[in-house]
Amino acid sequence: MTLVILDVVGDPVLEFRAIGAGGEPLTAHVFSGQCRIGDRPDEKFMAKLSAGRRPERLGFYVPDAGPFRPNYLLSAWAEASLAMTEVSAGDYSKPGPYGVDGVDLQLVDDGKGSGSQWPYLWFTVHGGEPMVIRYRVTVTQPVD
């Protein structure tokens, strides 16, 4: 049984000016939202009967983020947290950790040779149950 990303919904983007460590002007972009995770539709019943599930590594392109031009001052980081989970009870309940960890952000080349980069968020989910993950990705770049 595998968990999949069912949908990703972004919040309004927050943008503001910042000053870099060397005094250079930067623009900060904060992308946030939620990601709903669950069983594949054709595996829902079998997932409830499975004895235990391994952690799953999932990821997605951050909605409304990018493209960004590569620059030595371009930086990005991410956070994710468990917003909601649904734990089964009764004879089929499974002990173990629930939640999200191993959050990583990668700036991925567009593959078209333009040099543009798009933020891709990776994370590991534990527990094998449907859940909602909240995310926040911050990207800073030089002011144009």
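Note that these values count all heavy atoms, side chains included, but never hydrogens, waters or copies made by symmetry. Just so it is clear, the model here is predicted, and its values are computed rather than measured.
- Centroid-to-centroid, the aromatic rings of Trp122 and Tyr120 come within less than 6.0 Å.
- Residues Gln141 and His29 bring a donor and an acceptor atom of their side chains to less than 3.5 Å of each other.
- Taking the side chain as every heavy atom from C-beta outward, Val125 and Met131 approach each other to under 4.5 Å.
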Test side chain to side chain contact (heavy atoms under 4.5 Å, CB included) applied to Phe123 and Ile37, step by step: CA-CA 12 Å; Phe123 51 88; Ile37 298 166; 3.6 Å; yes

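- Taking all atoms of both residues into account, the shortest heavy-atom contact from Ala80 to Val103 is CB-CG2, 3.6 Å.
- Taking CG of Leu121 as the reference point, atom SG of Cys35 lies at 8.0 Å (rounded to 0.5 Å).
- A salt bridge links Asp11 with Arg134; the closest basic N to acidic carboxylate O contact falls under 4.0 Å.
- Hydrophobic clustering (side-chain heavy atoms under 4.5 Å, transitive across Ile, Leu, Val, Met, Phe, Trp, Tyr) groups Leu82 together with Val8.
- For Arg57 (side chain) and Gly102 (main-chain N/O), a donor-acceptor pair under 3.5 Å exists by modelled atom type.
- To the nearest 0.5 Å, the span separating CG on Asp101 from OG on Ser81 amounts to 12.5 Å.
- Here the CD-CZ distance, from Gln117 to Arg69, works out to 9.0 Å after rounding to the nearest 0.5 Å.
- If you take CZ on Phe31 and OG1 on Thr138, they are separated by 9.0 Å, rounding to the nearest 0.5 Å.
- Looking at heavy atoms from C-beta onward, Val4 lies out of side-chain contact with Asp39 at the 4.5 angstrom threshold.
- At least one donor-acceptor pair under 3.5 Å links the side chain of Glu56 to the backbone N or O of Leu3.
- Pairing each heavy atom of Val137 with each of Leu105, the nearest pair is CG1-CD2, 3.6 Å.
- Contact detail for Pro119 and Val139: the closest heavy-atom pair is CG-CG2, 4.4 Å.
- Remark: Glu15 CD to Thr27 OG1 distance equals 7.5 Å, nearest 0.5 Å.
- Tyr135 and Trp118 are assigned to two separate hydrophobic clusters, defined by single-linkage of ILVMFWY side chains at heavy-atom distances under 4.5 Å.
- To the nearest 0.5 Å, atom CZ of residue Phe16 and atom CG of residue Leu26 are 10.0 Å apart.
- One hydrophobic cluster holds both Phe68 and Val62 under the rule that ILVMFWY side chains link at heavy-atom gaps under 4.5 Å.
- Note on Val13 and Leu74: same hydrophobic cluster, where clusters join Ile, Leu, Val, Met, Phe, Trp and Tyr whose side-chain heavy atoms are under 4.5 Å apart, directly or indirectly.
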